[in-house]
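All remarks here apply to the structure that follows.
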Amino acid sequence: MEQQYGDDIITITDEDGTEYELEVLARLEYEGADYLALTPADAQEAEEMEVSILKAVEEDGEEVLLAVEDDTELENVYNALMDLLYEDDTEQS
């Protein structure tokens with residue numbers, strides 16, 4: 001998967017060559033691994049915001065994003081991301 005980083009927008013290319021622009025909502029290190037919470041960059045309404053959590057791993061010197069296959073790992077990362085996002089909201093208040 002190829003990635004190009006902008007401010008909070010990344011472009012990823014899947015194994016079929018299809019490109020997707022995603023907004024990075026949060027990046028989290030959890031138990032020694034990095035995870036990103038992403039939503040389509042073109043989502044304009046809250047109802048359209050489908051959030052994906054992907055794991056960032058290094059392969060051949062490049063960072064690639066992988067789906068989190070383990071349900072327990074995904075739930076733990078989701079809870080940690082919600083804590084992080086909630087913490088950011090309370091700090092801004």
| request: Would you name the heavy atoms of Glu50 and Pro40 that are closest together and state the gap between them? | output: O-CD, 3.3 Å
| field | Residue pair Leu38, Val24: steps toward the side-chain contact (heavy atoms from CB on, under 4.5 Å) verdict | value | CA-CA 5 Å; Leu38 305 161; Val24 179; 3.6 Å; yes
| message | What's the separation between atom CD in Glu23 and atom CD1 in Ile9, rounded to the nearest 0.5 Å? | response | 4.5 Å
| query | When rounded to the nearest 0.5 angstrom, what distance separates CG in Leu84 from CG in Asn79? | reply | 12.5 Å
| request: Any chance you could lay out the side-chain contact (heavy atoms from CB on, under 4.5 Å) test for Tyr20 and Thr11, step after step, and finish with the verdict? | output: CA-CA 5 Å; Tyr20 301 92; Thr11 301; over 6 Å; no
| message | Holding to side chain to side chain donor-acceptor pair (under 3.5 Å), I want the full list of residues that pass it with Glu75, two or more places apart in sequence or in another chain. | response | none
| request: First locate atom CG of Asn76, then atom CG of Leu81, and finally report the distance between them rounded to the nearest 0.5 Å. | output: 11.0 Å
Under 3.5 Å, side-chain donor or acceptor atoms of residues 65-73 against the rest of the protein: list the pairs with distances, not counting sequence neighbours.
unit_1, atom_1, unit_2, atom_2, d
Asp70, OD2, Thr72, N, 3.1
Asp70, OD2, Glu73, N, 2.6
Glu73, OE2, Tyr35, OH, 2.5
Glu73, OE2, Lys55, NZ, 3.3

| Distance (rounded to the nearest 0.5 Å) between Leu36 CG and Ile10 CD1 | 6.0 Å
| remark: Rounded to the nearest 0.5 angstrom, the CG-CG distance for Leu28 and Asp34 is 8.0 Å
| message | Tell me if the OH atom of Tyr30 is crowded by more than 12 foreign heavy atoms within 6.0 Å. | response | yes
| remark: Sorted by chain and number, sequence neighbours left out, side-chain contact (heavy atoms from CB on, under 4.5 Å) with Asp16 holds for Asp14, Thr18
| field | CA sep, side-chain torsions, deciding dist, call: Leu22, Thr39, side-chain contact (heavy atoms from CB on, under 4.5 Å) | value | CA-CA 5 Å; Leu22 303 170; Thr39 189; over 6 Å; no
